[in-house]
Protein chains: 2
Amino acid sequence: MDVLIVEDDALHRTFLNEAVRAALPECGQVIEAENGLKGEAQARTSRVEHVVMDLQMNERNGIEAARTIWRERPDTKILFWSNYSDEAYVRGVARIVPEGATYGYVLKSASEERLKLALRSVFIESQCVIDREVRGIQQKSFGNSPGLTDAEYEILVDVALGLTDKAIAQRKHLSLRSVQNRLQQLYEKLGVYETPGQGSEGWFNLRTRAVAVALSRKVLNASAIERAERDLRQSAGI
Amino acid sequence: MDVLIVEDDALHRTFLNEAVRAALPECGQVIEAENGLKGEAQARTSRVEHVVMDLQMNERNGIEAARTIWRERPDTKILFWSNYSDEAYVRGVARIVPEGATYGYVLKSASEERLKLALRSVFIESQCVIDREVRGIQQKSFGNSPGLTDAEYEILVDVALGLTDKAIAQRKHLSLRSVQNRLQQLYEKLGVYETPGQGSEGWFNLRTRAVAVALSRKVLNASAIERAERDLRQSAGI
DNA sequence: GCAATATCTGCGGGTTCCCGCAAGACTTGA
DNA sequence: TCAAGTCTTGCGGGAACCCGCAGATATTGC
């Protein structure tokens with residue numbers, strides 16, 4: 001039973017290595033990769049079935065790496081180990097988990113005990129383990145804001161990419177007006193109309209404001225936009 | 001000679017602690033703080049003059065913490081220790097360094113030797129030490145893109161906040177048309193007109209597209225937007 | 001089956017954005 | 001000092017955005 005660790009930070013990597021060996025004394029080799037790309041390659045060549053994956057990495061982030069790994073071998077067990085519980089990451093992971101796959105999501109701020117427990121649960125017991133804080137985000141409702149539906153989230157991503165209403169309508173096979181309707185819902189939910197300062201109307205361009213708000217609420221983040229950009233190029237570049 | 005370490009990741013914190021003790025055997029206490037807010041408080045109460053500061057933190061990021069510390073005691077020596085060399089961070093730091101202050105900027109990916117050297121240079125020799133990779137960004141020109149002027153960067157931030165042209169004109173004491181001129185420059189430099197896919201015209205809303213491009217080029221990042229948002233509220237909320 | 005609710009769609013118009021054109025204001029250098 | 005360049009400002013217009021209104025079309029619950 002080999003384990004692959006994909007993590008770009010050297011300190012965290014050695015820490016993980018030790019934690020894995022301690023939590024899974026019965027395990028065989030522990031392989032390390034320092035970015036998503038190398039992680040994919042390692043997973044392919046060494047055929048590991050157990051992966052600990054960081055999310056935020058330079059060459060290729062954890063979500064993309066996990067997607068290709070799962071595409072090749074959907075029964076791979078992956079434990080995500082991330083700094084943040086951004087809604088964008090949580091959604092990103094949820095979006096790529098294959099039917100019936102086992103995975104876990106633990107925050108780096110968690111205790112070493114929790115990490116070891118998660119390692120055993122996911123890799124040995126084939127149980128899904130989602131950190132409580134992360135779970136809270138998954139089941140919508142984030143802080144005081146009501147949480148977006150999938151439709152709203154998708155249009156948010158398209159707007160954040162910089163697409164026009166017309167382009168979105170085309171991509172989503174909707175009429176122009178429907179796109180604008182969804183946008184209005186989005187503006188409502190994100191609270192884009194709330195103004196800092198009092199007599200300020202017309203201060204905001206709602207579409208860019210929505211992106212700004214989504215970013216600071218962590219509903220979106222840069223890597224989610226980059227992922228969407230790649231998808232866009234793929235579907236447009238045919 | 002005491003040293004304050006402000007860093008939210010526990011592993012990195014202990015690593016830094018050891019590195020500081022090893023590099024500066026003559027130093028006294030080594031104090032730790034786990035976020036920017038506590039860092040500010042510690043700097044105030046324990047009156048340290050040497051700080052090692054992470055940039056990306058939850059409660060208050062390193063740039064803001066450094067700003068308040070320097071505001072209170074401009075002769076404090078600060079070594080920034082960051083994961084990334086995003087243009088947004090580099091600009092953010094450069095923007096708050098007081099006249100004549102000594103500081104350093106080292107990447108976490110640097111070797112332990114480089115870190116220790118930087119610690120001695122900044123804290124003992126009062127020399128500014130900027131990582132080579134970071135320096136490359138500071139002196140404009142980023143990859144293939146030409147690098148933005150301050151005027152262009154500022155308008156980019158305002159746009160990313162979601163402000164309308166009119167609002168920006170007011171804030172910056174410019175005419176509407178001038179704002180739009182600067183925007184056009186910005187669009188030009190960011191290469192916003194380049195289209196993925198061939199026959200695609202009118203696919204992009206230039207203003208949101210500019211934000212998307214800036215984010216993926218790391219010219220902007222979420223924390224820069226949040227900082228700008230706070231500044232906005234302050235100046236608008238009077 | 002039949003309301004009740006939600007979503008999609010078209011129309012119309014007020015606002016904002018994007019930008020070409022051109023005239024003034026400012027810096028820079030020989 | 002004058003010329004060349006850069007930055008600012010106004011005007012005008014086509015396109016895109018934001019959105020109220022209202023009818024058409026699902027979807028849901030009873």
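Treat the numbers as computed from the prediction; the structure is a model and nothing was measured. Below, chains carry the letters A, B, ... as their sequence lines are ordered, and counting in each starts from 1.
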Check this for me, if you would: do [X] and [Y] make a salt bridge, where the nitrogen-to-carboxylate-oxygen distance has to be below 4.0 angstrom?
{"X": "B:Glu72", "Y": "B:Arg44", "value": "yes"}
{"X": "A:Arg230", "Y": "A:Glu64", "value": "yes"}
{"X": "B:Arg217", "Y": "B:Glu87", "value": "no"}
{"X": "B:Glu40", "Y": "B:Arg60", "value": "yes"}

Quiz item: More than 12 non-hydrogen atoms from neighbouring residues, nucleotides or ligands closer than 6.0 Å to NZ on A:Lys172, yes or no?
Solution: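 Yes, because the 6.0 Å sphere around NZ of A:Lys172 holds more than 12 heavy atoms from other groups.
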Practice problem: Please examine the side chains of B:Tyr84 and B:Lys218, heavy atoms only from C-beta on, and report whether any two atoms are closer than 4.5 Å. | Solution: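 No - every pair of side-chain heavy atoms lies 4.5 Å or more apart.
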Quiz item: Do B:Leu186 and B:Leu148 have side chains that get closer than 4.5 Å, going by heavy atoms?
Solution: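 Yes; the side chains approach each other to less than 4.5 Å.
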Self-check item: A:Trp81 (side chain) donor-acceptor with A:Val52 (main chain) under 3.5 angstrom
Solution: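 Side chain of A:Trp81 to backbone of A:Val52, a donor-acceptor pair under 3.5 Å: no, none is there.
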Quiz prompt | Value in whole Å for how far the P atom of D:dA16 lies from OH of B:Tyr187 | solution =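 Between P of D:dA16 and OH of B:Tyr187: 14 Å.
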Quiz item: Roughly, in whole Å, what's the span from CH2 in B:Trp203 to C1' in D:dA15?
Solution: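 These atoms are roughly 17 Å apart.
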Self-check item: Residues touching DNA chain D, which here means a heavy atom under 4.0 Å, drawn from residues 165-186 of chain B
Solution: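 Those residues whose heavy atoms fall under 4.0 Å from DNA chain D, taken from residues 165-186 of chain B in numerical order, are B:Leu174, B:Ser175, B:Arg177, B:Ser178, B:Asn181, B:Arg182.
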Quiz item: Between which nucleotides of DNA chain C, read 5' to 3', does contact with chain B run, using atoms under 4.0 Å from its heavy atoms?
Solution: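 First and last nucleotides in contact are C:dT16 to C:dC21.
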